[in-house]
Undergrad: 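Just dropping this structure here.
A note on names: the letters A, B, ... follow the listed sequences, proteins ahead of strands, and every chain is numbered from 1. The analysis underlying the following values was restricted to heavy atoms, covering all of them including side chains, and did not include hydrogens, waters or symmetry mates.
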There are 2 protein chains.
Amino acid sequence: MSDLLERLRGRGWRMTAQRRVVAEVLDGEHVHLTADEVHARAVAKLPEISRATVYNTLGELVSLGEVLEVATDKRAKRYDPNAHRPHHHLVCAQCGAIRDVHPSGNPLADLPDTERFGFTVSGVEVTYRGVCPNCAAA
Amino acid sequence: MSDLLERLRGRGWRMTAQRRVVAEVLDGEHVHLTADEVHARAVAKLPEISRATVYNTLGELVSLGEVLEVATDKRAKRYDPNAHRPHHHLVCAQCGAIRDVHPSGNPLADLPDTERFGFTVSGVEVTYRGVCPNCAAA
DNA sequence: ATCCTACAATGGACATTGTCCAAGTCAAGT
DNA sequence: ACTTGACTTGGACAATGTCCATTGTAGGAT
């Protein structure tokens with residue numbers, strides 16, 4: 001690491017201890033954390049970091065396109081640090097675990113003009129639902 | 001209306017004024033309402049209905065497969081009464097409007113076994129993101 | 001090296017959405 | 001009409017997220 005910090009600095013981000021810690025948490029974990037989980041891990045490295053700062057920083061990272069928001073269920077948003085390789089998600093309906101997957105087709109091509117209703121379509125998210133091996137065994 | 005009420009009665013649902021009102025709200029509107037919007041419309045027809053009952057009833061409708069939950073963003077879940085015709089969603093990134101769409105491909109077929117990680121995959125949701133004509137004009 | 005200042009962090013109040021529960025109410029079968 | 005168990009109620013509570021006035025500080029300017 002960390003290309004991420006490099007890129008951020010290059011974009012004129014003011015580098016603070018808090019932002020570094022949040023970026024490191026995301027960069028290190030290749031899972032999809034909730035804001036609260038990010039906060040918990042950040043606190044472990046920098047005890048006095050506040051919740052608001054974590055939320056702010058996550059929001060900024062999303063705006064910058066460095067991190068993706070994933071809203072697979074009603075519960076908390078999750079943050080996906082793998083923003084630079086397009087991929088989709090496979091979610092366990094029971095335990096909520098998320099895996100990145102790379103399907104073969106291109107769903108954007110599957111939406112004909114007649115189904116676009118004048119929208120300027122800019123992206124697509126595909127969420128597969130199922131039951132993971134662990135939960136199936138239980 | 002209302003096949004919905006018929007089906008529910010057929011399944012042994014105890015028919016109460018509250019449930020009828022919630023079902024009517026969903027049946028009448030072919031948009032995707034949040035729980036609070038459903039509650040607001042229900043209150044207009046039956047002022048003393050409580051929020052808890054609306055949540056309960058929506059949850060039951062979802063369990064029965066009569067209504068779909070849609071979690072397109074971090075905000076409230078939306079309820080889609082169009083549960084019997086498979087379709088996907090096109091969401092305006094600015095105003096949050098949702099349109100039902102019917103893409104041509106079958107994304108389930110696009111997920112090879114090697115990308116399933118032992119999951120039993122049971123379904124897929126596709127959410128197209130874009131800007132609607134109204135918001136684009138503004 | 002020090003100072004300035006705009007930008008960032010803090011933390012606590014507040015907002016929104018959803019869940020839970022004990023008590024009261026009522027639909028529907030007998 | 002009675003009875004009963006399912007349904008509703010309302011309010012407390014929980015989880016997640018936002019806002020804002022105040023305080024702190026990174027990084028350029030001197």
Undergrad: Ignoring hydrogens and angles, tell me if any N or O in the side chain of Glu125(B) forms a donor-acceptor pair with the backbone of Thr127(A) under 3.5 Å.
TA: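 Absent.
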
Undergrad: Is the shortest side-chain heavy-atom distance between Glu69(B) and Tyr79(B) below 4.5 Å?
TA: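 Yes, close enough: below the 4.5 Å cut-off.
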
Undergrad: Salt bridge check, Arg11(B) against Glu66(B): does any charged N sit closer than 4.0 Å to a carboxylate O?
TA: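 Here Glu66(B) pairs with Arg11(B) in a salt bridge, since their nearest N and O are under 4.0 Å apart.
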
Undergrad: Expressed in angstrom and rounded to an integer, what is the separation of Tyr55(B) atom OH from dT16(C) atom C1'?
TA: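 Between C1' of dT16(C) and OH of Tyr55(B): 8 Å.
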
Undergrad: Please confirm whether the backbone N or O of Gly130(A) pairs with a side-chain atom of Thr120(B), one donor and one acceptor, at under 3.5 Å?
TA: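 A pair under 3.5 Å: no.
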
Undergrad: Closest heavy-atom contact between Pro86(B) and His102(B)?
TA: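 Looking at all heavy atoms of both residues, the shortest contact is O-CD2, 3.5 Å.
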
Undergrad: Please list residues of residues 32-45 of chain B whose heavy atoms come under 4.0 Å from any atom in DNA chain D, ordered by number; otherwise none.
TA: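 Residues of residues 32-45 of chain B that come under 4.0 Å of DNA chain D do not exist, since none gets that close.
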
Undergrad: Measure from the side-chain N and O atoms of Arg116(B) to the backbone N and O of Val121(B), and report whether any donor-acceptor pair falls under 3.5 Å.
TA: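 Judged by distance alone, no pair lies under 3.5 Å.
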
Undergrad: What one-letter contact string describes nucleotides 1-9 of chain D from 5' to 3', where B marks a base within less than 4.0 Å of any protein heavy atom, S marks contact via sugar-phosphate atoms alone, and - marks no contact?
TA: ----BBSSB

Undergrad: Work out which heavy atom in Val124(B) is nearest to a heavy atom in Pro107(B); give both atom names and the distance.
TA: CG2-CB, 4.1 Å

Undergrad: Using whole Å, what does the distance between atom P of nucleotide dT16(D) and atom NZ of Lys77(B) come to?
TA: 13 Å

Undergrad: Quickly, which of Arg78(A), His89(A), Arg99(A) forms a side chain to side chain donor-acceptor pair (under 3.5 Å) with His32(A)? Name it, please.
TA: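 The single option meeting the side chain to side chain donor-acceptor pair (under 3.5 Å) with His32(A) is His89(A).
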
Undergrad: Grab the CZ-P distance between Arg20(B) and dC26(C) for me, whole Å please.
TA: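 Rounded to the whole Å, the gap is 14 Å.
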
Undergrad: What's the CZ-P distance between Arg78(B) and dT16(C), to the nearest Å?
TA: 15 Å

